[in-house]
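Below, read A as the first sequence line, B as the second, and so on, with proteins coming before strands; counting in each chain starts at 1.
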Amino acid sequence: MPELPEVETIKNSLEPRVVGRTFTGVKIDDTRPLQNLKSAEFRRRLIGKTILSLKRRGKYMIFILSGGDNLIIHLRMTGALLWNPEGEEPFARIEFSFDDGGRLLYTDIRRFGTMWLVSDASTVTGKLGIEPLDNSFTPGYLAGILDSRPTPVKSLLLNQERIAGIGNMYADEALFHAGIHPLRPGNSLDKAEIKRLHSGIRQVLKKGIRNRGASIRNYRCPDGQTGTAHEEFAVAHREGQSCPRCGGKIARMVVGQRGTYYCPRCQPLKNNSKGR
DNA sequence: CATTGTCCCTGGAAGC
DNA sequence: TGCTTCCAGGGACAAT
């Protein structure tokens, strides 16, 4: 499932391959991803445009084009962007071709993925919260997100309008890193815990990027290879395995309709609101 | 307004 | 073995 580190990896991988290239063709086998345009208009506005640069915002990939348009793609659960794939790709939905013969294939098993072609990117990404790897994301900023909210801390981390890019896997990893139970009310965290969570968020995201993302299910890099971040996960998708810190058994529960992995011993649920 | 629940979708796992 | 049922989950939207 592409979260911030996976989308960042895709961006880094595609950047040297597509920047400067001009769209020559768009083959649309599934119109479902197209959110704001019909196929013909989408194709017409794309062909002849050159990719000037790539950006990531939260879990969104943004292709900045000549002429002022932005191609924005969200891969949701099972979407992938493959560069010059070899052989037949199953679940191919949309194929972009370029003036140098290169091909960018959008595949998506479950068809949750979405894309837009808009002149103003903020119509799509405008409501997103802070980028957790920006310098402006400080422990104090995180405190503001958590403060006076009794909502489980994990649910707050997953709210894209507060912090953009953290998904289910990295939320679990960050909470483990900080030694915080996923159900702790956001407003019950003390200053030291917020600091640990802040550093946990940044560390697990950066580590995810270094490892080219986590291939828990269907995620692949544009070169078709899998990432290795999941091999270094402490708790995410590791129910029943040993906690790397205490050796105890990793447990699974449901928080906000999402499968949640944690170490009950390292992340105790105490009702502790001292100091706040 | 904030929060919770439902839905979308399909391969793979689990159950019978 | 083979069929059926259930599950995963980001985010839009509806309901509370």
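As rounded to whole Å, 7 Å separates atom C1' of dG11(C) from atom OH of Tyr60(A). Between Asn159(A) atom CG and dA2(B) atom C1' the separation is 10 Å, expressed in whole Å. For the pair Ile109(A) CD1 and dC9(B) C1', the interatomic distance rounds to 11 Å; values are reported in whole Å. If you measure from atom CD of Gln35(A) to atom C1' of dG11(C), you get 11 Å, rounded to the nearest angstrom. Residue Leu128(A) contributes atom CG, which lies 8 Å from atom P of dG11(C) at whole-angstrom precision. At whole-Å resolution of the value, CG in Leu157(A) and P in dG10(C) are 13 Å apart. Between Asp172(A) atom CG and dG10(C) atom P there is a gap of 10 Å when expressed in whole angstrom units. Rounded to a whole Å, the NE2 atom of His237(A) is 17 Å from the P atom of dG12(B).
Judged by distance alone, the side chains of Lys55(A) and Asn70(A) never bring a donor and an acceptor atom under 3.5 Å apart. A donor-acceptor contact under 3.5 angstrom links the side chains of Thr78(A) and Asp108(A), judged on distance only.
Dashed line: the shortest gap from a side-chain N or O of Arg258(A) to OP1 or OP2 of dA8(C) is not under 4.0 Å. OP1 or OP2 of dG11(C) has at least one side-chain nitrogen or oxygen of Lys59(A) nearer than 4.0 Å.
In this structure, Phe112(A) does not pack face-to-face on the six-membered ring of dG11(C), missing the 5.5 Å centre cutoff or the 30° plane limit.
Between Lys59(A) and Glu3(A) there is no salt bridge, since no side-chain nitrogen of the basic residue lies less than 4.0 Å from a carboxylate oxygen of the acidic one.
Counting non-hydrogen atoms under 4.0 angstrom, Arg76(A) reaches a base of the nucleic acid. Residue-level contact check: Arg93(A) touches neither bases nor backbone, having no heavy atom under 4.0 Å from any strand.
Across dG11(C), dT10(B), dT6(B), the shortest atom-to-atom separation from the side chain of Gln257(A) is found for dT6(B). Of all nucleotides listed (dA8(C), dA12(C), dT4(B)), dT4(B) comes nearest to the side chain of Thr151(A). Counting only heavy atoms from C-beta on, His74(A) has its side chain closest to dG10(C) among dT3(B), dT6(B), dG10(C).
Taking the six-membered ring for Trp and thresholds of 30 and 60 degrees, His198(A) and Phe137(A) have ring planes inclined between 30 and 60 degrees apart.
Ring pair Phe176(A)/Tyr262(A): centre-to-centre distance not below 6.0 Å.
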